[in-house]
Amino acid sequence: MLIIFGFRVVYFTLGQGVFHCPDCGGDRDFRRRQGRNFFTLFFIPVLPLNKTGPEIVECGTCRGRWTTAVLAVPTGAQLAAMPGMLLRMAVVQVLRSGDSAHPAARARAVEVVRQAGIEYDDAALDADLGRSFDDTRVEMARSADTLAPEARENILRAAAEIALLDGPLTFSEEETLNAVGADLALTRVQVTGVLSLARESSGR
């Protein structure tokens with residue numbers, strides 16, 4: 001009896017989702033996969049051996065394969081949601097540096113986030129206020145360069161106008177607005193100009 005044996009790479013799916021496919025040029029379903037060597041008997045994988053190579057991302061449409069670094073590129077849906085997400089984070093950062101219980105400031109914060117297309121209420125605001133200041137800053141800095149400078153300036157101005165609702169900017173509020181401006185990749189000159197415009201419009 002002839003016994004046929006050998007080795008073969010079998011790919012397993014570790015996860016799936018939606019990503020921006022470089023070849024398709026749009027959002028596509030993907031599978032995150034890992035190859036593993038198998039000992040085969042009569043061409044059937046029977047014994048798993050070592051893993052082979054790094055994890056890959058495979059497009060469900062064109063079947064193209066990339067490293068997992070491709071998942072860092074925002075999808076079209078993520079880009080569309082980015083202005084609202086950054087506005088939400090900026091508003092929360094500045095609100096927590098002042099009087100986060102001020103009724104007018106809270107109401108305006110919820111309103112502007114809703115206007116950006118995000119479902120938002122007082123409970124969501126309180127949850128955001130409980131997030132780590134540093135974690136929020138990292139997330140903002142990572143996402144800011146996807147927006148045009150004008151959009152980033154508008155986000156900072158909205159946050160500044162909320163901070164001004166309970167009176168002139170405190171030292172803490174101004175420091176936070178400067179940090180938010182830096183996280184939004186705005187220059188010092190841009191930040192100063194935006195804060196001046198916010199003060200003018202509020203009369204403070």
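Treat the numbers as computed from the prediction; the structure is a model and nothing was measured.
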Side-chain ([X]) to main-chain ([Y]) donor-acceptor, under 3.5 angstrom:
X: Gln190; Y: Thr187; result: yes
X: Arg96; Y: Leu129; result: yes
X: Ser172; Y: Ser97; result: yes
X: Arg152; Y: Ala185; result: yes
X: Ser143; Y: Met140; result: no

Do the charged groups of [X] and [Y] touch, with an N to O distance under 4.0 Å?
X: Arg157; Y: Glu161; result: yes
X: Arg199; Y: Glu173; result: no
X: Glu111; Y: Arg108; result: yes
X: Glu139; Y: Arg131; result: yes
X: Asp126; Y: Arg106; result: yes

With rounding to the nearest 0.5 Å, note down the distance linking [atom1] in [X] to [atom2] in [Y].
X: Glu174; Y: Leu195; atom1: CD; atom2: CG; value: 6.0 Å
X: Ile162; Y: Leu177; atom1: CD1; atom2: CG; value: 10.0 Å
X: Trp66; Y: Asp23; atom1: CH2; atom2: CG; value: 4.0 Å
X: Arg88; Y: Ile155; atom1: CZ; atom2: CD1; value: 13.5 Å
X: Asp27; Y: Gln78; atom1: CG; atom2: CD; value: 8.0 Å
X: Thr68; Y: Arg33; atom1: OG1; atom2: CZ; value: 15.0 Å

Check for me, please, whether [X] and [Y] land in the same ILVMFWY cluster - side-chain distances under 4.5 Å, paths through other members count.
X: Leu71; Y: Met85; value: no
X: Leu197; Y: Leu184; value: no
X: Val94; Y: Leu169; value: yes
X: Val138; Y: Leu147; value: no
X: Met82; Y: Leu156; value: yes

Shortest non-hydrogen contact from [X] to [Y]?
X: Val180; Y: Ala90; result: CG1-CB, 3.8 Å
X: Leu165; Y: Ala105; result: CD1-CA, 3.7 Å
X: Gly84; Y: Ala116; result: CA-CB, 3.8 Å
X: Val191; Y: Gly181; result: CG2-CA, 3.8 Å
X: Ala80; Y: Pro83; result: O-CD, 3.5 Å

Does a side-chain heavy-atom distance below 4.5 Å link [X] with [Y]?
X: Val57; Y: Phe19; value: yes
X: Phe133; Y: Thr176; value: yes
X: Glu153; Y: Leu186; value: yes
X: Val92; Y: Met89; value: no

* Asked: Which residues satisfy the side-chain contact (heavy atoms from CB on, under 4.5 Å) test with Thr67, sequence neighbours excluded?
  ->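 By the side-chain contact (heavy atoms from CB on, under 4.5 Å) rule, Thr67 matches Ala69.
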* Phe30/Thr61 under side-chain contact (heavy atoms from CB on, under 4.5 Å): CA gap, chis, key distance, verdict -> CA-CA 8 Å; Phe30 76 84; Thr61 301; over 6 Å; no
* **Verdict with supporting geometry, Leu87 and Ile118, side-chain contact (heavy atoms from CB on, under 4.5 Å)** => CA-CA 10 Å; Leu87 175 63; Ile118 297 175; over 6 Å; no
* Report, as yes or no, whether the 6.0 Å neighbourhood of atom CZ on Arg63 holds more than 12 heavy atoms from other residues, nucleotides or ligands. =>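 Yes, enclosed.
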* **Gln16 atom CD: more than 12 heavy-atom contacts under 6.0 Å** =>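 No, because the 6.0 Å sphere around CD of Gln16 holds 12 heavy atoms or fewer from other groups.
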* Full working for side-chain contact (heavy atoms from CB on, under 4.5 Å) between Ile56 and Gln34 -> CA-CA 6 Å; Ile56 62 166; Gln34 172 71 63; over 6 Å; no
* Check whether NZ of the Lys or CZ of the Arg Arg65 lies under 6.0 Å from the centre of the six-membered ring of Tyr11 and within 45 degrees of that ring's axis. =>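 Judged by the rule, Arg65 and Tyr11 form a cation-pi pair.
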* Name all residues meeting the ring pair (Phe, Tyr, Trp, His ring centres under 6.0 Å) criterion together with Phe12; count only those two or more places apart in sequence or in a different chain, and write none if there are none. =>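 Phe12 satisfies ring pair (Phe, Tyr, Trp, His ring centres under 6.0 Å) with Phe38 once adjacent residues are dropped.
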* To do: Output, in order, the C-alpha distance, side-chain angles, deciding distance and verdict of side-chain contact (heavy atoms from CB on, under 4.5 Å) for Asn178 and Arg188.
  => CA-CA 8 Å; Asn178 281 316; Arg188 177 69 70 172; 3.3 Å; yes
